[in-house]
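Report on the structure given below.
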Amino acid sequence: MTEPSTREEKLELGVELLAHVEREELDLSAAVDRIETITTSPALTRDILDAAEKRGVIDRDGARLRVRRGGTYVEYESQVVAREGDFECRRCGTSISTGHFVELDAGELGPFGSSCVRKVTGRESASESE
C-alpha cells in the first residue's frame with residue numbers, strides 16, 4: 001500500500017481512522033492528534049471532522065466526539081503490519097527500527113512506534129504513559 005497523496009485520499013483515510021478508534025468518546029484534541037498523523041492542515045482537519053460527522057461516523061458535542069461504530073476496530077493481527085527498517089514515528093517523531101503500519105481500506109498509515117500505534121487507534125489513551 002502507498003501513502004495517501006491527494007487531499008481526497010487523506011480525507012478518506014482520516015474519516016476511516018476515526019471510524020476505527022477504539023473509544024466511544026474522545027476529546028476533540030485527541031481526535032485532532034490522530035488526524036495530525038495524516039495532515040497538519042487545519043482546513044483539511046476540519047474537513048475530515050465535518051465529513052466524519054456528515055457520514056455518521058462521529059457526533060460532535062462541543063469539544064467531545066462520540067464515535068458511532070459498529071465493531072470496526074483495527075484488527076491488530078491483520079491490519080497492523082510491523083516492518084524492520086530505519087523509520088521516524090509519524091506521531092511523536094522518535095527514531096524507530098520497527099515501524100508499525102495500519103492498513104485501512106482508504107490507505108496505509110504509518111510508521112508508528114509500538115505505543116503510538118495503540119494511541120492512534122485509540123487502544124490506549126494519548127494521555128497514558130506520556
Side-chain angles (χ1 to χ4, degrees):
M1 294 189 132
T2 59
E3 187 171 318
S5 56
T6 69
R7 188 176 207 294
E8 186 61 30
E9 289 172 337
K10 290 177 181 181
L11 185 134
E12 293 303 319
L13 187 58
V15 171
E16 190 173 357
L17 180 62
L18 289 175
H20 282 77
V21 169
E22 293 192 27
R23 302 219 177 250
E24 289 185 26
E25 284 192 6
L26 67 158
D27 291 330
L28 179 59
S29 62
V32 170
D33 180 61
R34 288 162 173 81
I35 293 169
E36 284 179 339
T37 64
I38 299 165
T39 182
T40 56
S41 162
L44 183 52
T45 297
R46 196 170 29 258
D47 290 348
I48 290 168
L49 290 167
D50 289 344
E53 186 174 29
K54 286 178 187 167
R55 296 178 193 181
V57 171
I58 62 169
D59 287 323
R60 285 196 265 190
D61 183 18
R64 303 263 329 143
L65 301 179
R66 193 172 82 244
V67 180
R68 300 172 65 193
R69 61 180 192 282
T72 59
Y73 297 138
V74 169
E75 293 290 331
Y76 273 68
E77 296 75 31
S78 62
Q79 289 180 284
V80 177
V81 176
R83 296 187 192 122
E84 298 300 317
D86 224 359
F87 302 109
E88 183 176 295
C89 178
R90 257 188 106 105
R91 182 176 175 276
C92 71
T94 300
S95 292
I96 51 176
S97 59
T98 302
H100 295 82
F101 296 82
V102 181
E103 295 181 348
L104 301 170
D105 290 341
E108 182 177 85
L109 186 57
F112 301 106
S114 59
S115 63
C116 283
V117 74
R118 289 190 302 273
K119 291 173 185 171
V120 168
T121 59
R123 187 158 283 190
E124 180 179 299
S125 170
S127 63
E128 290 174 22
S129 60
E130 282 189 338

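Given the structure is predicted, the values throughout are model-derived calculations rather than measurements.
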Residues which pass side chain to side chain contact (heavy atoms under 4.5 Å, CB included) with Arg64, listed by chain and number, not counting sequence neighbours
Glu25, Asp27
Could you pull out the closest heavy-atom pair between Asp33 and Arg91, with the gap in Å?
OD2-NE, 2.9 Å
For Glu8, give me all partners under side chain to side chain contact (heavy atoms under 4.5 Å, CB included), at least two apart in sequence or on another chain.
Thr6, Leu11, Glu12
Thinking salt bridges, do Arg83 and Glu103 make one under a 4.0 Å N-O criterion?
yes
Verify same cluster id: Val81, Val102 (apolar side-chain graph, 4.5 Å):
no
Separation between OG (Ser41) and CZ (Arg7), nearest 0.5 Å, reads 6.0 Å
Donor-acceptor pair, side chain of Arg90 and main chain of Phe112, under 3.5 angstrom
no
Using the ring pair (Phe, Tyr, Trp, His ring centres under 6.0 Å) rule, collect all pairs that involve residues 89-111, keeping only residues at least two apart or in two chains.
Phe87-Phe101
How long is the gap from CG on Leu18 to CG on Leu26, to the nearest 0.5 Å?
7.5 Å
Kindly write out the residues that satisfy side chain to side chain donor-acceptor pair (under 3.5 Å) with Arg46, not counting sequence neighbours, or none if the list is empty.
none
Separation between CD1 (Ile48) and CG (Leu17), nearest 0.5 Å, reads 8.5 Å
Between Gly113 and Cys89, the two heavy atoms sitting closest are N-SG, 3.5 Å
From Thr37 OG1 over to Leu13 CG, what is the distance, rounded to the nearest 0.5 angstrom?
7.5 Å
Just list the side-chain donor-acceptor pairs under 3.5 Å for residues 92-99, sequence neighbours left out, or say none.
residue	atom	partner	partner atom	Å
Thr98	OG1	Glu84	OE1	3.0
Thr98	OG1	Glu84	OE2	2.9

Heavy-atom neighbours of Arg66 CZ exceed 12 at 6.0 Å
no
Residues in salt bridge (charged side-chain N to carboxylate O under 4.0 Å, His left out) with Glu16, at least two apart?
none
Tell me, please, which residues at least two apart from Arg60 pass side chain to side chain contact (heavy atoms under 4.5 Å, CB included).
Leu49, Asp50, Glu53, Ile58, Leu65
Donor-acceptor pair, distance only, cut-off 3.5 Å: does the side chain of Thr121 make one with the backbone of Arg118?
yes
How close do Val67 and Val21 get, heavy atom to heavy atom, and via which atoms?
CG1-O, 4.3 Å
